[in-house]
Amino acid sequence: MPLIADVVFDAPVAHPFSYVVPQDWRLATGQRVIAPLKGAARAGVVVALRDGDGARLKPLARLLDRVPLLDATARALVEWIAADTLSGLGATYLALLPPPVPSDAVPAVATRATADAVTPRLLVGAGRETRLLERVGDAPAALVLAPDIDGAARWAQRLARFGGVVRLDSGVSDGDRAGGWAAVASGASRLAVGTRSALLAPLPPGGMIAVVDEQEAAHKPPGRPRVHARDVTLERAAREGLAALFTAATPSAELWQRTVDGRARLDQPPRGAWPATTLADPRGIARREALTPPLARAVRETLAAGRRVFLAVSRLHAVLGCDECGHVVRCARCAIALAYAPAARTLACRLCDQAEALPSTCPQCTGRRLGPFGWSAERVEQGVRRRFPRTRIARYDPEAARGRRADTQRADAAAADIVIGTRGALRLFGPGSLGLAAFVSPDQLLGMPDFRAAERGFALMWAAAERVRGDGALVVQSRNPTHYAIEAVTKQDLDGFYARELRFRSELGYPPFRRLAVLGVTARAGADGRAGAAALAEALRADHALTVYPPAAGRRRRGWHVVVKGDDDLPRRLGPALAEYGASLAARGIMVEAEVDPVEWLS
DNA sequence: AGCACGCCGACT
DNA sequence: GTCGGCGTGCTC
């Protein structure tokens, strides 16, 4: 009887495909192979080997890995990841393996230990990165996961002093990544740095996985497979008895809750230097002026002292509104407010890109007093230039970056005394490098229709505060200065913020107390997506452990979406149900795509 | 996913 | 008359 290999691919087909293994091959479960699939030679992963009838089967084409890179422990973890994220097994495997090596460098499989569980640690506060470095230096081996390639590069540099650091992220060549994987597997390298694609890199017993900047959404970037570095790290560390470490200025509510219920340990130093906060109420003043008198004064004083100012804006676009009836001009097709650029006098939809003529009267009340609403970067810049005509001012935001080289924009911002920018501009400033950080209109941020709005607003304000010198200032212009996120930043009080935030999450049944999934429903031509989404929602309601919300029209993503709330077993309940109803819906031209634990989703 | 097989518009 | 558009369907 010939040997048959069951192979999974990165394809939306759940089941494996079977092939005959050529006689002279040495093949093991977990190895990558090239196999013919619908005419194409595609990479897949062997998930099972068995004796069987190969009469109707095609043979495997060639080996991609000379030896399997994952042992049974790692394969079990991959199966857990795929099940927990409702991702395809093949897509999950292929995303978490290093690039294949064409050379003869044969990485050995490290024997993964299963030791006693170690309580994960969360490092917050000043000096958290130094504390992490010390622990990494002491560990027998460590894997450091950054949210993005830039972060991985920075950490590789920081760790260089311990010697023998390899990088496993796509910021280095495929050969270096594969070689790095082999070096940690064989023990030749003690330290590895990467992004979430390195989550399965082999580690010896007593090893450590560190996730830096844990709160960053980039730890779960959009796109398949939808895997969060934090969640996989916690699961892997528990399974293999590894030490798990996390650093964050402002951790996710999910991780903080673990420190509350004892599933993680909090490592927080005593409070240190912190900027003095001024709260300014913009009501009545800020319709025409971006800066309230207290903020204008703070800017003037900071400039006089020869220090730098960062003005954080929360939105890129102003909208056009009526002074008389309050009506906001919206896109007829997409129903969202049109973006208004006062200087260019243009009005355009950010979703469908449709440009509209500037109306001279209000479409609702025919009033003549139409003007800009909301402090976009452009409007703030105009106001600040008028006020501080002789100061070097730069904008740093995606809108200003359009058509400009990244390095020129960065150089301009580095030379400026006042930088106006969005969240991304924080990268320009090191800890304690600012004299003043100010939030022109954070109410926009805190009032977003997203249950994570407070967490995100808090994270941004805290990150800005950390970049201000201890004797510097923080100004927050808010109509709602008693908001707990603002109060917590003012008082440098992480505990206070999470106490309030977790109470809110608990009362409304949001993560981390319940889990969420968003089911995207799209219809092929001629199929009724709305009816399909409604049928899906109805079918899922049969499971009373699930809270199924009525289908809503998708915005950025076309089609419809159905939000489902459940407990820890959400994917285990949703998976089989989707497999069942998904098939019958697919026959009617309706496609369903699931995202478990969404990081960025309005709700 | 990716690739072929299908049936309708602008070219050698 | 073909080349190719991408809508639809299937993959060991």
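In the text below, chain A, chain B and the rest are named by the order of the sequence lines, each starting its count at 1.
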Name all residues meeting the ring pair (Phe, Tyr, Trp, His ring centres under 6.0 Å) criterion together with A:Trp256; count only those two or more places apart in sequence or in a different chain, and write none if there are none.
-> A:Tyr498

Work out which heavy atom in A:Thr73 is nearest to a heavy atom in A:Glu240; give both atom names and the distance.
-> CG2-CG, 3.9 Å

Can you list every salt bridge (charged side-chain N to carboxylate O under 4.0 Å, His left out) pair that touches residues 11-30 of chain A, not counting sequence neighbours?
-> none

Nucleotide range of DNA chain B contacted by chain A, 5' to 3', under 4.0 Å to a heavy atom?
-> B:dA1 to B:dC3

Do A:Leu358 and A:Tyr340 come within less than 4.5 Å of each other through their side chains, counting heavy atoms only?
-> yes

Using a cut-off of 4.0 Å between protein heavy atoms and nucleotide atoms, how would you tag nucleotides 5-10 of chain C 5' to 3' with B, S and -?
-> ---SBB

Donor-acceptor pair between A:Thr547 and A:Arg514 side chains, under 3.5 angstrom | yes

With a 3.5 Å cut-off and no angle check, do the side chains of A:Ser252 and A:Glu214 form a donor-acceptor pair?
-> yes

Exceeds 12 heavy-atom contacts within 6.0 angstrom, atom CZ of A:Arg572 = yes

ring-ring contact (aromatic ring centres under 6.0 Å, His included) contacts in which one or both residues fall within residues 15-69 of chain A, not counting sequence neighbours = A:Phe9-A:Phe17, A:His15-A:Phe17

Do A:Arg196 and A:Thr233 have side-chain N/O donor and acceptor atoms under 3.5 Å apart?
-> no

Mind calculating the distance between CZ (A:Arg56) and P (C:dT11) to the nearest angstrom?
-> 13 Å

In terms of side-chain heavy atoms, does A:Lys565 have a donor or acceptor partner in A:Tyr510 at a distance below 3.5 Å?
-> no

In residues 11-25 of chain A, which residues come under 4.0 Å of DNA chain C by heavy atom?
-> A:Val13, A:His15, A:Phe17, A:Ser18, A:Tyr19

d(CG, A:Leu57; P, C:dT11) in whole Å | 13 Å

